[in-house]
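Provided herewith is a single structure, encoded as structure tokens, for subsequent inquiry.
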Amino acid sequence: MPVARPETSDARVIAHVDMDCFYVQVEQRKQPELRGLPTAVVQYNEWQGGALIAVSYEARSCGVKRSMRGEEAKAACPEIQLVQVPVARGKADLNTYRSAGSEVVSILAQSGKCERASIDEVYLDLTDAAESMLADAPPESLESIDEEALKSHILGMSREDGDDFKESVRDWICRKDADRRDKLLGCGIIIVAELRKQVLKETEFSCSAGIAHNKARSYLFCMFLFPFIASIMLAKLASGMNKPAQQTVVPYSAVQELLSSLPIKKMKQLGGKLGTSLQTDLGIDTVGDLLQFSETKLQEHYGINTGTWLWNIARGISGEEVQGRLLPKSHGSGKTFPGPRALRSLSNVQHWLNQLSEELYERLSSDLEQNKRIASTLTLHASAFISKDSDSHKKFPSKSCPLRYGVTKIQEDAFNLFQAALREYMGPFGTKPQGNKKETWRITGLSVSASKIVDIPSGTSSIMRYFQGQSTIPSSSTSGCPQEHVAVTPSVSESCSEQKSVETRASIPEEDITITYTSPDLDNSYRDSDIVLEKFPCQDASCQSNEAKEFPTQSGTQTKTIGRKINNSKEKNRGMPSIVDIFKNYNASPQARQETQEDSTVSLTSNRGNLSSSTSHNSEVNQEVEDRRDTNWGYKVGEIDQSVFDELPYEIQREFRSFLRPNKRPNAGKSKSGDGSASSSIAHYFQPLKR
DNA sequence: ACGGCTGTAACT
DNA sequence: TAGTTACAG
């Protein structure tokens with residue numbers, strides 16, 4: 001039954017933390033003598049001094065900009081220090097930055113729901129922490145306010161004299177007659193200042209932050225309605241307003257004005273074509289300009305979903321929440337081969353795919369080791385053109401297949417995927433570069449990525465005991481591979497002159513882990529069967545066979561290898577659960593835990609010191625939040641009938657629509673679809689809370 | 001024919 | 001689902 005949410009749930013406190021010129025800071029920590037000097041991180045030094053990917057603030061003040069070449073930077077700022085990004089396997093290696101980012105996340109994750117937005121950005125939902133603080137130790141009760149907090153920028157607050165400035169910040173934070181939302185924001189200021197200091201102390205990295213809140217607009221049905229002020233966007237906006245090493249707050253009272261004059265392209269998601277279209281097609285230059293357009297009008301131009309979304313963000317409304325996700329959902333390794341460096345032979349492509357696959361596998365291995373997660377899909381992307389003009393700009397298709405753990409497996413599969421895609425790409429041309437025709441392919445970019453990463457049930461499960469390196473199911477020699485004749489035959493390998501390094505990889509032993517399940521009856525549901533993961537050293541010749549095999553399990557009961565085949569369309573659902581299915585089932589049962597703060601219990605390890613930390617203690621707190629939300633829902637949204645909806649006051653109906661965007665309604669082009677598309681139930685308007 | 005390398009999400 | 005496209009840092 002609908003119950004008004006307690007007041008404490010109305011306003012939330014969201015922070016966006018953004019590391020200052022992060023790669024530069026990482027390099028400066030490694031080489032402290034660079035601190036304070038104009039510095040830039042550059043990759044691929046050979047051509048025009050390489051490309052800048054991060055620029056220190058000292059260098060920026062000399063006019064150095066990202067996406068200058070190294071030589072330009074030298075010209076603009078002769079004393080600039082250029083540091084090269086590490087190179088491994090012939091390509092840029094961002095791992096040091098990744099793990100430096102993890103150091104930061106592991107600190108920030110301790111104070112609330114935390115989302116790793118990118119390698120150097122984090123969102124925090126500090127609502128709980130702010131509420132506790134307000135209840136237990138409100139700012140006005142404190143003897144002194146942190147200096148760092150007093151340096152905050154508060155939008156809408158005049159800051160005239162430098163002297164009185166901190167005083168007025170203090171007053172704002174401690175104001176007794178403040179709105180509850182502002183009080184919470186005041187707590188947020190103090191918490192974020194503290195966090196930033198902690199990050200600095202423990203990692204030596206400085207960062208900037210934006211703090212904003214949201215507010216439930218509907219008090220009536222707020223138990224299932226959360227029309228939020230777009231705090232995530234606002235927090236992000238704010239974090240960029242004062243850099244480096246500063247924090248900015250957006251009180252509710254400042255939102256309107258901030259948005260009204262905000263250039264439309266500064267809004268997240270509007271920095272690209274959509275933003276341009278708003279400008280040129282509708283003459284919209286600021287977010288404020290958007291207000292003049294009706295929802296219907298926007299839907300006519302941009303489709304039902306985007307139109308509604310635009311209408312909402314113009315009013316500061318967004319359903320976005322901080323996701324409790326600390327780990328990436330995919331890993332990828334790629335490289336471009338621009339212009340004259342484009343790859344023109346299969347063996348060269350194979351060489352690079354081998355390099356990329358190695359790196360990918362290395363990262364998959366540490367993900368497995370550190371986070372007990374496995375990826376289940378391997379995808380190959382490439383970009384290409386065809387020499388001698390013709391149809392030069394055709395898209396090179398992406399291809400994916402089940403991911404088999406093991407370097408050589410990934411290398412093999414990646415190469416097979418490539419060849420399958422190449423055939424498709426070339427079509428009538430044929431794939432032979434040696435052919436008489438001059439039309440032949442050139443590869444300008446390659447990447448391999450791993451996705452659909454799922455947790456391995458840890459704890460009581462014995463699975464991890466068997467896990468050391470990799471798992472795989474030998475692929476079928478015939479039907480499985482997209483390019484049968486080429487798939488695993490030694491001749492292809494030998495024909496590649498550049499791939500020697502593959503076999504010299506040392507650190508991770510090449511073994512197979514085969515996932516098997518024991519079941520007396522193969523047609524039974526596998527859910528209840530005993531899942532066993534076994535490893536088979538690859539030295540065993542049987543592993544190198546191309547045929548799916550059966551292995552005995554420890555228990556000796558009948559087992560079946562879970563065979564997965566590349567591009568296998570027909571056999572997929574023939575009683576053979578994929579590893580993903582198994583783990584998904586396993587994970588789903590106790591609690592839907594996939595996107596919850598539970599993720600934070602993984603250890604984030606860094607390459608520097610022992611900063612790996614577990615935040616399980618506070619996952620309970622957050623779990624509580626999740627539970628409250630879930631149980632507050634109280635009933636299945638699908639059970640809400642349209643008639644109930646129709647009886648609501650129009651304003652409320654509108655709020656329903658505006659927040660619960662008519663999601664997943666088929667985007668019938670850009671035409672204004674008839675209306676609710678004959679949805680018989682209000683459920684149509686709901687999206688599950690967590691996607 | 002240069003911005004390189006990642007990563008997420010929505011759409012179809 | 002698999003593949004494409006947009007967006008962002």
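Letters A, B, ... are given to chains in the order of the sequence lines, protein chains preceding strands, and every chain is numbered from 1.
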* Would you kindly give the CD-to-C1' distance between E359(A) and dG7(B), to the nearest whole Å? =>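 One finds 14 Å between C1' of dG7(B) and CD of E359(A), rounded.
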
* Asked: Could you state the CD-C1' distance from E71(A) to dC2(B), rounded to the nearest angstrom?
  ->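 It is 14 Å, rounded to the nearest whole Å.
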
* **Rounded distance [0.5 Å steps], OG1 in T306(A) versus CD in Q269(A)** =>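 Rounded to the nearest 0.5 Å, the OG1-CD separation comes out at 10.0 Å.
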
* To do: Ignoring backbone atoms, establish whether R66(A) has a side-chain N or O less than 4.0 Å from OP1 or OP2 of dG4(B).
  =>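 No, R66(A) has no side-chain N/O under 4.0 Å of OP1/OP2 on dG4(B).
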
* Could you give the OH-to-C1' distance, from Y425(A) to dT4(C), as a whole number of Å? ->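 Nearest whole value for this atom pair: 16 Å.
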
* **Whole-Å gap separating P (dG7(B)) and OH (Y97(A))** =>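 Answer to the nearest Å: 14 Å.
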
* **OP1 or OP2 of dG7(B) under 4.0 Å from side-chain N/O of R98(A)** =>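 Yes.
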
* **Atom P, compared across dC2(B) and dG9(C): separation rounded to whole Å** =>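 Per the computed distance, 23 Å lies between those P atoms.
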
* Rounded to the nearest angstrom, tell me the gap between atom CE in M68(A) and atom P in dG3(B). =>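 To the nearest whole Å, that distance equals 14 Å.
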
* Out of dG3(B), dC5(B), dT4(C), which nucleotide sits closest to the side chain of R69(A)? ->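 The answer is dG3(B).
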
* Out of dT6(B), dC2(B), dC7(C), which has the shortest distance to the side chain of R363(A)? ->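 The closest nucleotide is dT6(B).
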
* Measure from the side chain of L94(A), starting at C-beta and using heavy atoms only, and say which of dG3(C), dG9(C), dT6(B) lies closest. =>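 Nearest to the side-chain atoms of L94(A), counting from C-beta on, is dT6(B).
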
* **H381(A)-S398(A) side chain donor-acceptor pair, cut-off 3.5 Å** =>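 Present: a donor and an acceptor within the cut-off.
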
* To do: Would you please confirm or rule out a distance under 4.0 Å between OP1 or OP2 of dT8(B) and any side-chain N or O of S330(A)?
  =>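 Checking S330(A) against dT8(B): at least one side-chain N or O falls below 4.0 Å of OP1 or OP2.
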
* Asked: Within the structure shown, what part of the strands sits under 4.0 Å from D120(A) by heavy-atom distance: base, sugar-phosphate, or nothing?
  ->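 Since only primed, P, OP1 and OP2 atoms lie under 4.0 Å of D120(A), the category is sugar-phosphate.
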
* **Salt bridge flag under 4.0 Å for residues E359(A) and K335(A)** =>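 No, this pair does not count.
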
* Asked: Side chain of K273(A): nearest nucleotide among dG3(B), dA6(C), dC2(B)?
  ->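 Nearest nucleotide to the side chain: dA6(C).
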
* Do we see a donor-acceptor contact under 3.5 Å between the side chains of D289(A) and T286(A)? ->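 Judged by distance alone, the side chains do pair up.
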
* Asked: Which nucleotide in the set dC7(C), dG3(C), dA9(B) lies at the smallest distance from any side-chain heavy atom of K399(A)?
  ->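 When the side chain of K399(A) is considered, dG3(C) is the closest of dC7(C), dG3(C), dA9(B).
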
* Asked: Is K236(A) near enough to dG9(C) that one of its side-chain N or O atoms lies under 4.0 angstrom from OP1 or OP2?
  ->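 So the side-chain polar atoms of K236(A) do come within 4.0 Å of the phosphate oxygens OP1 or OP2 of dG9(C), strictly under.
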
* Under 4.0 angstrom, heavy atoms only, what part of the nucleic acid is K265(A) near: base, sugar-phosphate, or nothing? ->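 Here K265(A) touches no strand at all.
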
* **Residues E27(A) and K30(A) bridged, charged N to O under 4.0 Å** =>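 Judged by the 4.0 Å cut-off on N to carboxylate O distance, E27(A) and K30(A) do form a salt bridge.
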
* Side-chain N,O (S333(A)) to OP1/OP2 (dC5(B)) below 4.0 Å ->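 It does not, given that no N or O in the side chain of S333(A) lies less than 4.0 Å from OP1 or OP2 of dC5(B).
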
* Nearest-Å distance for atom pair OH/P, residues Y23(A) and dG3(B) ->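 Computing the Y23(A):OH to dG3(B):P distance gives 18 Å.
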
* Asked: From the list dG3(B), dG3(C), dC7(C), which nucleotide is the closest neighbour of the side chain of L274(A)?
  ->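 Selected nucleotide: dC7(C).
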
* On DNA chain C, nearest-nucleotide positions of T377(A) versus K395(A): which is more 5'? ->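 It is T377(A), whose closest nucleotide lies nearer the 5' terminus.
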
* R341(A) to F337(A), cation-pi by 6.0 Å centre distance and 45° axis angle ->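 No, R341(A) does not sit over the ring of F337(A).
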
* Starting from the 5' end of DNA chain B, give me the residue, T444(A) or A117(A), whose nearest nucleotide shows up first. =>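 First, find each residue's nearest nucleotide; the 5'-ward one identifies T444(A).
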
* Quickly work out the M19(A) CE to dG9(C) P distance and round it to whole Å. =>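 Value for this atom pair: 16 Å.
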
* Quick one: is dT4(C) close enough that its OP1 or OP2 comes under 4.0 Å of any side-chain N or O from S398(A)? ->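 So the side chain of S398(A) is within the cut-off, an N or O lying under 4.0 Å from OP1 or OP2 of dT4(C).
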
* Asked: Hey, does L52(A) reach any base, or is it just sugar-phosphate, or nothing, if we go heavy atoms under 4.0 Å?
  ->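 It contacts base atoms.
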
* Asked: Counting just side-chain N and O atoms, does K452(A) come under 4.0 Å of either OP1 or OP2 of dA2(C)?
  ->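 Answer is yes, contact under 4.0 Å.
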
* Asked: Would K65(A) and E72(A) pass as an ion pair if we require N to O under 4.0 Å?
  ->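 Between E72(A) and K65(A) there is no salt bridge, as every charged N stays at least 4.0 Å from the carboxylate O atoms.
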
* Of all heavy-atom pairs between D20(A) and S208(A), which one has the smallest distance, and what is that distance? ->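 In this case the closest contact between D20(A) and S208(A) is OD1-OG, 2.8 Å.
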
* Counting side-chain heavy atoms from C-beta on, which of dG4(B), dG7(B), dG9(C) comes nearest to T336(A)? ->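 Nucleotide nearest to T336(A)'s side chain: dG4(B).
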
* Asked: So, for Y425(A) and F418(A), is the gap between ring centers shorter than 6.0 Å?
  ->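 That pair fails the under 6.0 Å test.
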
* **E121(A) CD to dT8(B) C1', straight-line distance once rounded to whole Å** =>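 Spelled out: CD on E121(A) to C1' on dT8(B) is 12 Å.
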
* Mapping R341(A) and G334(A) to their closest nucleotides on DNA chain B, which lands nearer the 5' end? ->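 Its nearest nucleotide lies further toward 5', so the answer is R341(A).
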
* Could you grab the distance from atom OG of S383(A) to atom NZ of K394(A), nearest 0.5 Å is fine? =>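 Interatomic distance, S383(A) OG to K394(A) NZ, rounded to 0.5 Å: 14.0 Å.
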
* Compare the minimum distances between each of dT4(C), dG3(B), dC7(C) and the side chain of Q269(A), then state the nucleotide with the smallest one. =>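 Ranking dT4(C), dG3(B), dC7(C) by closest atom to the Q269(A) side chain puts dC7(C) first.
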
* Consider the side chain of Y44(A), meaning its heavy atoms from C-beta on, and name the nucleotide among dG4(B), dC2(B), dT4(C) that approaches it most closely. =>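 Selected nucleotide (nearest to the side chain): dG4(B).
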
* Where the side chain of K329(A) is defined as all heavy atoms beyond and including C-beta, which of dC11(B), dA9(B), dG7(B) is the nearest nucleotide? ->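 Side chain of K329(A) sits closest to dA9(B).
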
* Asked: Between residues 81-91 of chain A and DNA chain B, which residues have a heavy-atom gap below 4.0 Å?
  ->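 K91(A), in order of number.
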
* **side-chain N/O N305(A) vs dA10(B) OP1/OP2, d < 4.0 Å** =>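 Checking dA10(B) against N305(A), no side-chain N or O comes under 4.0 Å of OP1 or OP2.
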
